[in-house]
Amino acid sequence: MFRLLTAATPKIRSSRPAISRGISTVESGTAYENHTISIFNRLGASLERMGGAGDNGVDFRGPWTLPEQQQFYLVGQCKYYERKKIGPSVIREWEGVMSRQELDTLGVVAASSGFTSSCIQAALSSIYPIALVTIDGGHQSNRYTNIEESIRGFVWNKAADAFIGRLVVAKKHYDLCKLDQSDPAMYTIQLLWNGQPLPPSISK
(Lines give C-alpha, C1' and ligand atoms only; values in the text may rest on other atoms or scores of the structure.)
Protein backbone atom coordinates (compact mmCIF):
# COMPACT_ATOMS: atom_id res chain seq x y z
CA MET A 1 0.00 0.00 0.00
CA PHE A 2 1.14 3.57 -0.49
CA ARG A 3 -0.14 6.98 0.39
CA LEU A 4 0.37 10.17 -1.62
CA LEU A 5 -0.83 13.65 -0.83
CA THR A 6 0.56 16.98 -1.81
CA ALA A 7 -0.24 20.39 -0.46
CA ALA A 8 -0.38 23.94 -1.74
CA THR A 9 1.88 26.58 -0.28
CA PRO A 10 0.30 28.58 2.54
CA LYS A 11 1.16 32.19 3.25
CA ILE A 12 1.92 32.04 6.94
CA ARG A 13 4.80 33.73 8.74
CA SER A 14 7.44 31.30 9.96
CA SER A 15 9.26 31.47 13.28
CA ARG A 16 12.12 29.26 12.08
CA PRO A 17 15.20 30.36 10.10
CA ALA A 18 14.61 30.49 6.36
CA ILE A 19 16.93 29.28 3.63
CA SER A 20 17.87 32.53 1.98
CA ARG A 21 18.22 33.16 -1.72
CA GLY A 22 21.41 35.08 -0.93
CA ILE A 23 23.48 32.14 0.30
CA SER A 24 25.42 29.64 -1.79
CA THR A 25 24.07 26.42 -3.23
CA VAL A 26 26.19 24.40 -0.81
CA GLU A 27 24.93 26.40 2.16
CA SER A 28 21.33 26.04 0.99
CA GLY A 29 21.78 22.29 0.60
CA THR A 30 23.32 21.95 4.04
CA ALA A 31 20.53 24.00 5.61
CA TYR A 32 17.94 21.82 3.90
CA GLU A 33 19.64 18.65 5.13
CA ASN A 34 19.63 19.95 8.70
CA HIS A 35 15.98 21.00 8.35
CA THR A 36 14.98 17.55 7.08
CA ILE A 37 16.87 15.81 9.86
CA SER A 38 15.20 17.98 12.49
CA ILE A 39 11.75 17.05 11.13
CA PHE A 40 12.41 13.32 11.27
CA ASN A 41 13.94 13.64 14.72
CA ARG A 42 10.74 15.33 15.89
CA LEU A 43 8.93 12.27 14.52
CA GLY A 44 10.92 9.90 16.72
CA ALA A 45 14.10 9.32 14.72
CA SER A 46 17.67 9.89 15.90
CA LEU A 47 19.32 10.96 12.68
CA GLU A 48 22.73 12.45 12.14
CA ARG A 49 23.97 14.35 9.11
CA MET A 50 26.67 12.70 7.02
CA GLY A 51 27.52 14.76 3.94
CA GLY A 52 30.94 15.56 2.58
CA ALA A 53 33.44 13.31 0.80
CA GLY A 54 32.98 9.61 1.40
CA ASP A 55 29.30 9.81 2.30
CA ASN A 56 28.49 7.28 -0.46
CA GLY A 57 25.41 9.25 -1.50
CA VAL A 58 23.91 9.31 2.01
CA ASP A 59 23.14 12.69 3.57
CA PHE A 60 21.77 11.41 6.88
CA ARG A 61 21.34 8.14 8.76
CA GLY A 62 20.20 6.77 12.08
CA PRO A 63 17.52 4.72 13.87
CA TRP A 64 13.80 5.47 13.79
CA THR A 65 11.52 4.07 16.47
CA LEU A 66 7.77 4.30 15.94
CA PRO A 67 5.23 3.54 18.69
CA GLU A 68 4.80 -0.18 19.41
CA GLN A 69 7.15 -1.15 16.59
CA GLN A 70 10.66 -2.51 16.49
CA GLN A 71 13.35 0.03 15.76
CA PHE A 72 14.66 0.15 12.22
CA TYR A 73 17.41 2.04 10.44
CA LEU A 74 16.90 4.96 8.10
CA VAL A 75 19.23 6.40 5.47
CA GLY A 76 18.37 9.39 3.38
CA GLN A 77 19.32 11.81 0.66
CA CYS A 78 18.18 15.41 0.28
CA LYS A 79 17.50 17.32 -2.92
CA TYR A 80 17.04 21.06 -2.51
CA TYR A 81 15.65 22.97 -5.47
CA GLU A 82 13.35 25.97 -5.32
CA ARG A 83 11.23 24.89 -8.30
CA LYS A 84 12.66 21.80 -10.01
CA LYS A 85 10.96 18.46 -9.32
CA ILE A 86 13.08 15.36 -8.95
CA GLY A 87 13.16 12.90 -11.86
CA PRO A 88 13.55 9.08 -12.03
CA SER A 89 17.33 9.16 -12.46
CA VAL A 90 17.60 10.01 -8.76
CA ILE A 91 15.74 6.81 -7.89
CA ARG A 92 18.05 4.72 -10.08
CA GLU A 93 21.06 6.21 -8.31
CA TRP A 94 19.41 5.74 -4.91
CA GLU A 95 18.77 2.06 -5.63
CA GLY A 96 22.53 1.67 -5.93
CA VAL A 97 22.90 3.18 -2.47
CA MET A 98 20.16 0.93 -1.06
CA SER A 99 21.81 -2.17 -2.52
CA ARG A 100 24.67 -1.61 -0.06
CA GLN A 101 22.48 -1.26 3.04
CA GLU A 102 21.41 -3.82 5.64
CA LEU A 103 17.99 -5.45 5.29
CA ASP A 104 16.49 -3.48 8.21
CA THR A 105 17.02 -0.17 6.42
CA LEU A 106 14.43 2.19 4.96
CA GLY A 107 15.66 4.61 2.32
CA VAL A 108 14.24 8.14 2.19
CA VAL A 109 14.64 10.73 -0.54
CA ALA A 110 13.58 14.20 0.58
CA ALA A 111 12.95 16.94 -1.96
CA SER A 112 11.99 20.57 -1.49
CA SER A 113 9.97 20.85 -4.71
CA GLY A 114 8.49 17.38 -4.98
CA PHE A 115 8.84 14.59 -7.53
CA THR A 116 7.74 14.00 -11.10
CA SER A 117 5.15 11.30 -11.76
CA SER A 118 7.81 9.15 -13.44
CA CYS A 119 10.02 9.49 -10.37
CA ILE A 120 7.19 8.38 -8.10
CA GLN A 121 6.46 5.42 -10.36
CA ALA A 122 10.13 4.41 -10.32
CA ALA A 123 10.14 4.47 -6.53
CA LEU A 124 6.88 2.51 -6.28
CA SER A 125 8.20 -0.22 -8.58
CA SER A 126 11.58 -0.53 -6.82
CA ILE A 127 12.48 -3.75 -5.00
CA TYR A 128 14.12 -1.67 -2.26
CA PRO A 129 12.14 -0.04 0.58
CA ILE A 130 11.94 3.61 -0.45
CA ALA A 131 9.90 6.57 0.77
CA LEU A 132 9.66 9.90 -1.03
CA VAL A 133 9.03 12.89 1.19
CA THR A 134 8.32 16.42 0.02
CA ILE A 135 9.57 18.81 2.68
CA ASP A 136 9.36 22.56 2.27
CA GLY A 137 12.77 24.09 1.73
CA GLY A 138 12.06 27.17 3.82
CA HIS A 139 13.45 29.58 1.22
CA GLN A 140 10.53 31.93 1.82
CA SER A 141 10.27 33.42 5.28
CA ASN A 142 6.47 33.27 5.43
CA ARG A 143 5.96 29.57 4.83
CA TYR A 144 5.02 27.69 7.99
CA THR A 145 4.30 28.26 11.65
CA ASN A 146 6.03 25.13 12.92
CA ILE A 147 8.37 22.43 11.76
CA GLU A 148 5.80 19.65 11.32
CA GLU A 149 3.85 21.74 8.82
CA SER A 150 6.81 21.67 6.45
CA ILE A 151 5.77 18.19 5.27
CA ARG A 152 3.82 18.48 2.01
CA GLY A 153 3.92 14.95 0.64
CA PHE A 154 4.76 11.41 1.75
CA VAL A 155 4.66 8.32 -0.46
CA TRP A 156 6.27 4.89 -0.11
CA ASN A 157 6.41 1.61 -1.99
CA LYS A 158 5.28 -1.90 -1.07
CA ALA A 159 8.76 -2.89 0.09
CA ALA A 160 8.61 -0.09 2.68
CA ASP A 161 5.36 -1.40 4.17
CA ALA A 162 7.35 -3.57 6.56
CA PHE A 163 8.68 -0.36 8.14
CA ILE A 164 5.91 2.23 7.83
CA GLY A 165 2.91 0.32 6.52
CA ARG A 166 0.84 1.37 9.54
CA LEU A 167 1.49 5.03 8.83
CA VAL A 168 -1.49 7.03 7.55
CA VAL A 169 -1.08 10.28 5.64
CA ALA A 170 -3.89 12.80 6.00
CA LYS A 171 -4.56 16.40 5.09
CA LYS A 172 -4.11 18.93 7.86
CA HIS A 173 -6.05 22.12 7.16
CA TYR A 174 -5.08 25.45 8.62
CA ASP A 175 -7.17 27.86 10.62
CA LEU A 176 -8.87 29.84 7.86
CA CYS A 177 -8.58 33.02 9.92
CA LYS A 178 -4.83 32.87 9.35
CA LEU A 179 -4.97 32.29 5.63
CA ASP A 180 -5.27 34.23 2.45
CA GLN A 181 -9.01 33.77 1.85
CA SER A 182 -8.45 33.60 -1.89
CA ASP A 183 -7.23 30.03 -1.40
CA PRO A 184 -9.01 28.42 1.59
CA ALA A 185 -8.08 24.89 0.51
CA MET A 186 -4.45 25.15 1.56
CA TYR A 187 -3.17 22.36 3.77
CA THR A 188 -0.11 20.39 4.79
CA ILE A 189 0.36 16.75 5.74
CA GLN A 190 -0.55 15.17 9.05
CA LEU A 191 1.07 11.81 9.81
CA LEU A 192 -0.97 9.37 11.90
CA TRP A 193 0.21 6.21 13.62
CA ASN A 194 -2.46 3.89 15.02
CA GLY A 195 -4.93 6.73 14.49
CA GLN A 196 -2.93 9.20 16.58
CA PRO A 197 -0.91 12.19 15.34
CA LEU A 198 2.80 11.54 15.01
CA PRO A 199 4.43 12.70 17.17
CA PRO A 200 1.80 12.85 19.98
CA SER A 201 2.95 16.37 20.91
CA ILE A 202 1.26 17.81 17.79
CA SER A 203 -2.17 16.33 18.52
CA LYS A 204 -3.69 19.69 19.46
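Side-chain atoms of W94 and I130, non-hydrogen and from C-beta on, do get closer than 4.5 Å to each other. Side-chain atoms of R166 and L66, non-hydrogen and from C-beta on, never get closer than 4.5 Å to each other. By the 4.5 Å heavy-atom criterion applied to side chains, K79 and S112 are not counted as neighbours. Contact of the K84 side chain with the S113 side chain is not registered, since no non-hydrogen atoms from C-beta on lie closer than 4.5 Å. Residues L198 and L167 are in side-chain contact: their nearest non-hydrogen atoms beyond the backbone lie under 4.5 Å apart.
Side chains of N56 and R100: no donor on one and acceptor on the other come within 3.5 Å.
Relative ring orientation between W64 and F40 is described as perpendicular, the plane-to-plane angle rising above 60° on a 0-90° scale split at 30° and 60°. Using a 30° and 60° split on the angle between ring planes, Y32 and H35 fall in the tilted class, from 30° to 60°.
Nearest heavy atom pair, residue P129 against residue M98, reads O-CE, 3.7 Å. The minimum heavy-atom distance linking M50 with V58 is given by the pair CB-O, 3.3 Å.
Of the possible polar contacts, one joining the N157 side chain to the A123 backbone as a donor-acceptor pair under 3.5 Å is found. A distance-only check finds a donor-acceptor pair linking the side chain of S125 to the backbone of Q121 [under 3.5 Å].
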Just do the side-chain contact (heavy atoms from CB on, under 4.5 Å) check on L132 and F154 with the steps written out, would you?
-> CA-CA 6 Å; L132 305 181; F154 205 124; over 6 Å; no
